[in-house]
Amino acid sequence: MSLRRPLVLVGPSGAGKTTIAECLVRRHPERFRFSVSATSRAPRGSERSGREYSFISREEFEEMIASGELAEWAQVHGEYYGTPVENLTGLTEAGPVPVLDIDVQGARQVMRRGIDALVIFILPPAAAPWLARLTGRGTESPEGIVRRLRTAREELGEATTFEEFVVNQDLHEAVRQVLEIADGGAGEGACDRRVEALCRELDAGAAVEIARIRGRGTADEIRKEET
């Protein structure tokens with residue numbers, strides 16, 4: 001049976017969840033539509049409001065919070081991100097369902113509100129390519145990368161509390177697996193030792209990269225500083 005509820009993709013920054021969401025919508029427009037999040041951050045590069053995000057001011061975002069217009073919201077790296085409730089309403093039997101590309105905090109809020117969504121945690125395949133992707137973007141300062149990595153470590157610490165996982169080793173295969181789960185199949189479960197081991201590897205890699213960027217001590221010393 002095909003998915004008839006919102007599809008939520010979560011995971012650490014750089015795992016490829018946005019790319020997977022875009023592929024789903026582009027290849028299957030009759031089944032999926034992209035849920036455009038609102039954000040207070042400024043557009044990057046060629047981004048346009050209404051396409052990648054709805055870019056609004058901090059004041060406008062805070063008004064949406066106060067009036068209950070958001071299904072979920074969070075502050076990430078100093079900026080607001082959130083999903084308008086209207087993005088998740090009006091689903092019909094024949095129409096496409098929304099795909100949300102959000103962080104772990106946002107997914108928790110969606111679930112707490114009682115929204116019947118399918119949540120899939122997207123993981124990168126290994127620490128080295130994941131870190132190379134994050135640090136090779138060239139759009140953030142070293143401090144910005146450190147903040148992103150610290151957030152990723154927090155999210156990885158919560159990863160095994162979710163039920164469905166897809167490891168993004170190959171984009172086409174990852175999209176196929178997401179579709180299979182949406183059609184009622186089973187992904188890799190949290191109790192799978194491979195998922196647990198991968199989360200530990202990614203967390204350790206992030207700690208080492210933070211230490212390298214900050215230029216102070218070893219990964220173990222960074223961990224002690226953060227606890």
Side-chain angles (χ1 to χ4, degrees), residues 3 5-29 31-91 95-124 133-134 137 139-140 144 147-148 150-152 154-155 158-159 162 164 166 168 174-175 178 182:
L3 176 75
R5 51 188 175 138
L7 171 61
V8 178
L9 303 181
V10 299
S13 179
K17 58 186 181 295
T18 301
T19 304
I20 291 172
E22 290 172 346
C23 285
L24 288 170
V25 173
R26 185 174 64 251
R27 297 178 189 177
H28 305 279
R31 287 193 61 184
F32 302 103
R33 60 178 170 84
F34 194 66
S35 173
V36 179
S37 298
T39 182
S40 63
R41 77 159 170 82
R44 297 173 186 155
S46 61
E47 290 179 335
R48 293 203 311 266
S49 190
R51 188 177 64 183
E52 288 81 8
Y53 289 95
S54 292
F55 296 100
I56 61 177
S57 68
R58 293 182 69 85
E59 292 75 17
E60 289 174 307
F61 200 106
E62 288 167 356
E63 288 176 4
M64 292 181 73
I65 294 172
S67 60
E69 296 177 54
L70 296 168
E72 60 82 23
W73 67 272
Q75 269 195 297
V76 183
H77 315 305
E79 297 290 354
Y80 287 121
Y81 294 80
T83 301
V85 171
E86 64 182 19
N87 286 15
L88 309 183
T89 59
L91 274 67
V97 299
V99 179
L100 285 72
D101 162 25
I102 57 179
D103 65 10
V104 168
Q105 295 179 62
R108 295 283 188 219
Q109 289 182 52
V110 168
M111 291 187 285
R112 282 198 297 269
R113 286 185 68 124
I115 296 173
D116 182 25
L118 172 61
V119 182
I120 302 176
F121 203 102
I122 307 298
L123 286 166
R133 180 177 182 180
L134 275 178
R137 289 174 170 176
T139 59
E140 290 186 89
R147 285 196 301 271
R148 197 174 289 275
R150 283 178 170 162
T151 299
E154 293 173 2
E155 294 182 327
E158 295 187 44
F162 289 84
E164 299 288 356
V166 166
N168 188 15
V175 171
V178 169

Could you give me the CA-CA distance, side-chain angles and deciding distance for Y81 and I102, then say whether side chain to side chain contact (heavy atoms under 4.5 Å, CB included) is met? CA-CA 8 Å; Y81 294 80; I102 57 179; over 6 Å; no

Can you name the closest pair of heavy atoms from [X] and [Y] and give their distance?
| X | Y | value |
| --- | --- | --- |
| P84 | M64 | CG-CE, 4.2 Å |
| G50 | V36 | O-CG2, 3.8 Å |
| F34 | A21 | CE1-CB, 3.8 Å |
| P124 | P12 | CD-CG, 4.1 Å |
| P6 | D116 | CD-O, 3.4 Å |
| R31 | A182 | NH2-CB, 4.1 Å |

Short question: side chain of [X], backbone of [Y] - any donor-acceptor pair under 3.5 Å?
| X | Y | result |
| --- | --- | --- |
| N168 | A15 | yes |
| K17 | V10 | no |
| E52 | R48 | yes |
| S37 | Y53 | no |

Report the distance from atom CD of E60 to atom OG of S54, rounding to the nearest 0.5 Å.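 With rounding to 0.5 Å, CD (E60) is 10.5 Å from OG (S54).
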
Can you tell whether the side chains of E47 and R41 come within less than 4.0 Å, N to carboxylate O?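 Counted as a salt bridge, because a side-chain N and a carboxylate O are separated by less than 4.0 Å.
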
Can you pull the side-chain hydrogen bond (donor to acceptor under 3.5 Å, both in side chains) pairs that have at least one residue in residues 19-28, sequence neighbours excluded?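 Of all non-adjacent pairs touching residues 19-28, those that pass side-chain hydrogen bond (donor to acceptor under 3.5 Å, both in side chains) are R27-H172.
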
side-chain hydrogen bond (donor to acceptor under 3.5 Å, both in side chains) partners of residues 100-114, not counting sequence neighbours, each pair once: T18-D101, R108-E158, R108-T161

Before you tell me yes or no, could you show the steps for R51 and S46 under side chain to side chain contact (heavy atoms under 4.5 Å, CB included), namely the whole-Å CA-CA distance, both residues' side-chain angles and the distance that decides it to 0.1 Å? CA-CA 10 Å; R51 188 177 64 183; S46 61; 4.1 Å; yes

Stepwise side chain to side chain contact (heavy atoms under 4.5 Å, CB included) test for L9 and I20: CA-CA 9 Å; L9 303 181; I20 291 172; 3.9 Å; yes

Assess whether side chain to side chain contact (heavy atoms under 4.5 Å, CB included) is satisfied between V119 and L7, documenting all intermediate values. CA-CA 6 Å; V119 182; L7 171 61; over 6 Å; no

Applying ring-ring contact (aromatic ring centres under 6.0 Å, His included), name anything that partners F61, two or more places apart in sequence or on another chain.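 Applying ring-ring contact (aromatic ring centres under 6.0 Å, His included) to F61 gives Y80.
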
